[in-house]
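Below is one structure, written out as structure tokens, with a few remarks after it.
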Amino acid sequence: MIDLATLEHMAATPAAILLGAVLLEAILPWPAQFRLSALVPLLTRLGHKVHRPDGTPRQQFQAGLLALLVVWLPCAAGLWAVRNLSLSEPLFDLLFLLLMIESRPLRELAKATRSLASQETLVVARLQAVPWLRRDTGKLSVMGVAKAVSETCALRLTGQWAGPLLGFALAGVQGALLWRLAQLMNQGWSPKQAAFSHFGRAAAVLYQGLCTPAILLLALPLCLTQLRQLGARLRTAIRWPYPAMGALLTLLSHSLGIRLGGPRYYQDTLFRFPVFDAVSDPDASSALRLLNRLQQIGWGWLALAVLFTALEQLHG
């Protein structure tokens, strides 16, 4: 028989807080203006104010590095002060982690794409994808929209859902804050924008470095089902600009049987990315299937964490 004190102690463990935050985020509606992604335009405006377009690439990179510290240090100090004043640290951690993670907007995007990705509504599908993509959408076909949204969902879910969860598991609320701020600053100062090609590189390097462990955890179960062809697929993935994400995309491509990668336009310039070949092209439902697969893997890791925590509490 489990006593009440044991249950209370288990509810305050990091695994239980992670599970509670993910469950609440999945079921509770959250107004768009209160989501952290609403800060991206503000960060973009900040970037335009603090970087010098006439500076050398080195000066712009240094300005971007300084901007990282200017954003992160006050947030980290404020979080430390507020948490110390909270009446219940586990409850504060739960609510803060709930604020850090976002998967519902991605599911809404995937469902909208499933409804709009047809020849009759192609123009509308392109328009609703514009805020999410850093590429030109005017030339995308129905298949191109489905592919672009699928790749974006994988990238965003890693940065704004799996990354903060892993950050919390490793370093508590400060880890979740760092992981999510890195994702927001990478979005706001994306090097894919001509104005931030050098200024945003520091944020991009930080973001990629922090997200790599989360990507590897998501990719591990997919690797175990594709061991025979793993070497050939990873050789293609390392030619992706972000090799870790390329590895995840190629594994998802073969797991779901949809073709990903390929050429795309940025700032009216054609870039040829590796093609992750599969049996069929993406369709209107591919983005939702991809999100479901990634979140199933995430839920699996959370279930393992909760199981090991429960065993430790009961038999430790």
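All figures in this text were calculated on a predicted structure; none of them were measured in a lab. Basis for what follows: all heavy atoms, side chains included, without hydrogens, waters or symmetry-related copies. Along the sequence shown, residues carry numbers from 1.
Checking each of Leu94, Thr309, Thr13, Val306 against Leu19 for a side-chain contact (heavy atoms from CB on, under 4.5 Å) leaves exactly one that passes, namely Val306.
By the side-chain hydrogen bond (donor to acceptor under 3.5 Å, both in side chains) test, Ser253 pairs with no residue at all, sequence neighbours left out. Residues passing the side-chain hydrogen bond (donor to acceptor under 3.5 Å, both in side chains) test with Thr212, sequence neighbours excluded: Tyr242. Residues satisfying the side chain to side chain contact (heavy atoms under 4.5 Å, CB included) test with Glu120, not counting sequence neighbours, are Ser118. Legend: residues meeting salt bridge (charged side-chain N to carboxylate O under 4.0 Å, His left out) with Arg264, ordered by chain and number and at least two apart, are Glu151. Legend: residues meeting salt bridge (charged side-chain N to carboxylate O under 4.0 Å, His left out) with Arg228, ordered by chain and number and at least two apart, are absent. Evaluation of the side-chain hydrogen bond (donor to acceptor under 3.5 Å, both in side chains) rule for Thr113 yields Gln128 as partners, not counting sequence neighbours. Residues passing the side-chain hydrogen bond (donor to acceptor under 3.5 Å, both in side chains) test with Thr236, sequence neighbours excluded: none.
By the 30° and 60° cut-offs, the orientation of the rings of Phe199 relative to Trp189 is perpendicular. Between Phe273 and Trp240, the ring planes are perpendicular. Angles over 60° get that label, and only those under 30° would be called parallel.
Side-chain atoms of Gln187 do not come within 3.5 Å of backbone N or O of Leu184 as any donor-acceptor pair. Counting only distance, with no hydrogens or angles, the side chain of Gln174 and the backbone of Ala76 share a donor-acceptor pair below 3.5 Å. The main-chain N or O of Asn84 is never found under 3.5 Å from a side-chain atom of Trp80 such that the two would form a donor-acceptor pair. No side-chain donor-acceptor contact under 3.5 Å links Thr250 to the backbone of Gly246. Here the side chain of Arg201 pairs no donor or acceptor atom with the backbone of Gln60 at under 3.5 angstrom.
A ring-centre distance under 6.0 Å is found for His51 and Phe196.
Through side-chain heavy atoms spaced under 4.5 Å, either directly or across other Ile, Leu, Val, Met, Phe, Trp or Tyr residues, Val205 is tied to no other residue. Connectivity analysis of hydrophobic side chains (ILVMFWY, heavy atoms under 4.5 Å, direct or indirect) links Tyr265 to Leu270. Under the 4.5 angstrom side-chain criterion for Ile, Leu, Val, Met, Phe, Trp and Tyr, the cluster partners of Leu66 are Val70.
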Problem set entry | Verdict with reasoning, Tyr207 to Trp179, per ring-ring contact (aromatic ring centres under 6.0 Å, His included) | CA-CA 7 Å; Tyr207 169 70; Trp179 256 259; over 10 Å; no
Taking distance alone, no hydrogens or angles, what donor-acceptor pairs closer than 3.5 Å link side-chain atoms of residues 40-48 to residues at least two apart or in another chain?
| residue | atom | partner | partner atom | Å |
| --- | --- | --- | --- | --- |
| Thr44 | OG1 | Val40 | O | 3.0 |
| Thr44 | OG1 | Gly188 | O | 3.0 |

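Here Trp72 contributes atom CH2 and Leu69 contributes atom CG; the two are 7.5 Å apart, rounded to the nearest 0.5 Å.
Each salt bridge (charged side-chain N to carboxylate O under 4.0 Å, His left out) pair with one or both residues in residues 83-109, not counting sequence neighbours, appears once here: Arg35-Glu108, Arg83-Glu89, Arg83-Asp93, Glu102-Arg180.
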